[in-house]
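Heads up: the structure comes next, in structure tokens.
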Number of protein chains: 2
Amino acid sequence: MPDATVPPSLPPEFGVYFALLEVSALVQHGVEGQLRRDGGLSFVQFQILAILGEDPSSPRSMTDLADRLVHSKSGLTYQVDRLEQAGLVVRVPSKHDERGVNVTLSPQGVSALERVLPGHVDVVRDVLVDALDGADRVELTRLLGGVVQHMRSRPPRSARRSGAGGAEE
Amino acid sequence: MPDATVPPSLPPEFGVYFALLEVSALVQHGVEGQLRRDGGLSFVQFQILAILGEDPSSPRSMTDLADRLVHSKSGLTYQVDRLEQAGLVVRVPSKHDERGVNVTLSPQGVSALERVLPGHVDVVRDVLVDALDGADRVELTRLLGGVVQHMRSRPPRSARRSGAGGAEE
DNA sequence: CACAGGTAGTTCGAATTCGAAGGAGTTGTC
DNA sequence: GACAACTCCTTCGAATTCGAACTACCTGTG
């Protein structure tokens, strides 16, 4: 019988879980200051611009963006509103689907991205990339990529499950 | 996201950056539902309880906690308020420093932690740990640990003045 | 065509977050 | 002991986030 004064500890494999969360929080906060200083952008706003900049020829739907960012749709609406007010993105009604809204980078949005990117690269390099030598970086990328695939391959956030794979009503 | 694609203007090593952020966001959202269902806890609240549970004999100061969580102090005040109202933690004035406040787990806090932990372990295992075989897990932990050390070794967030790279005034 | 069920975005209210300012205690220097 | 500079935590207002409800549109079945 477990001693009530000693809280249960997590399995040792969970170090990876905490380390992951901590690193990502630190990286995120590390870049936030730079983004705000150089471009007046929040981290989420930068992410939106960066995703749109990945492939300017294929505009993204709101749902796409929300999914990519792992954000709520309402939160995305709010941020796209702000970016549109700032003139950095444009909402274009989808041609195929009357309900759909596609978001694209405006020329000003491209400029904003170009303005923050150099400093951003510096900060990320300083804070994250330099912590790893080349081989480790490749290895970490490989491992994280595998995890992303694993997670993306299971029902996305809309599917709630209380355990592991239990069928529920 | 088929592949951590990076805008052409970003160096290729930055795939690790995007993959990291995406994985951590997915993990975080993945556990949030379970924590709320099983214990009525937000992710941050769970983190606070978990940190306090790590070593109940050494209570943590507010600043300590904020630093560990990579959260603002005001945000931590808010969350500790809520946890205290719920009876899960207790604020104890520091003996050595009249300004200091130490936070400890109450018996109810221990119970809450015990109540959510099994399900939490399941979810994390399902979503993250199972994505890796044993060797990869060890490797990932090692890599992330190195990054944490690297980041913690530089001026913490309180010195958000010149941030991470450029000295600027 | 009509209708049920599903999807895309937005709006709304409530909860949470942050940074700046403030009150109080501590430390170092003279 | 007085003073300035610093640290610890909280309060305050503004910005951001989420989930639920809502509108509008699309798809499949009869």
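A note on names: the letters A, B, ... follow the listed sequences, proteins ahead of strands, and every chain is numbered from 1.
Applying the salt bridge (charged side-chain N to carboxylate O under 4.0 Å, His left out) test to B/Asp81 and every residue at least two apart in sequence or in another chain returns B/Arg91. Residues passing the salt bridge (charged side-chain N to carboxylate O under 4.0 Å, His left out) test with B/Arg60, sequence neighbours excluded: B/Glu54. For the side chain to side chain donor-acceptor pair (under 3.5 Å) test, no residue two or more places apart in sequence or in another chain qualifies with B/Asp64. Residues satisfying the salt bridge (charged side-chain N to carboxylate O under 4.0 Å, His left out) criterion with B/Glu98, sequence neighbours excluded, are absent altogether.
The separation between B/Gln85 atom CD and D/dT10 atom P is 13 Å, rounded to whole Å. Spacing between atom CZ of B/Arg36 and atom P of D/dA20 amounts to 11 Å, rounded to whole angstrom units. Here C/dG25 presents its C1' atom at 17 Å from NZ of B/Lys95, a figure rounded to the nearest Å. As a whole-Å value, the separation of A/Gln45 CD from C/dC18 P is 16 Å. Taking atom CG of B/Asp67 as the reference point, atom C1' of D/dC8 lies 13 Å away to the nearest angstrom. The interatomic distance linking B/Arg82 (CZ) with C/dA14 (C1') rounds to 11 Å, in whole Å. Separating the NE2 atom of A/His29 from the P atom of C/dT17 is a distance of 10 Å, rounded to the nearest angstrom. Atoms CZ (A/Arg37) and C1' (C/dG19) sit 14 Å apart, rounded to a whole Å.
A donor atom on one side chain and an acceptor atom on the other are not found under 3.5 Å apart for A/His71 and A/Tyr78. A donor and an acceptor atom, one from each side chain of B/Asp55 and B/Ser58, are located under 3.5 Å apart.
Residues A/Ser24 and A/Val27 form no side-chain contact, since every pair of their non-hydrogen atoms from C-beta on lies 4.5 Å or further apart. Using a 4.5 Å cut-off on side-chain heavy atoms (C-beta onward), B/Tyr17 and A/Val31 make contact.
In terms of position along DNA chain D, the nucleotide closest to A/Gln79 lies nearer the 5' end than the nucleotide closest to the other residue of the pair A/His96 and A/Gln79.
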Sub-3.5 Å pairs of nitrogen or oxygen atoms, protein against nucleotides 1-5 of chain C:
none

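The hydrophobic clustering, which links ILVMFWY residues whose side-chain heavy atoms are closer than 4.5 Å, places B/Phe43 and B/Leu49 together.
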Once each nucleotide of nucleotides 7-13 of chain C is scored for protein heavy atoms under 4.0 Å, what B/S/- sequence comes out, 5' to 3'? BBBBB--
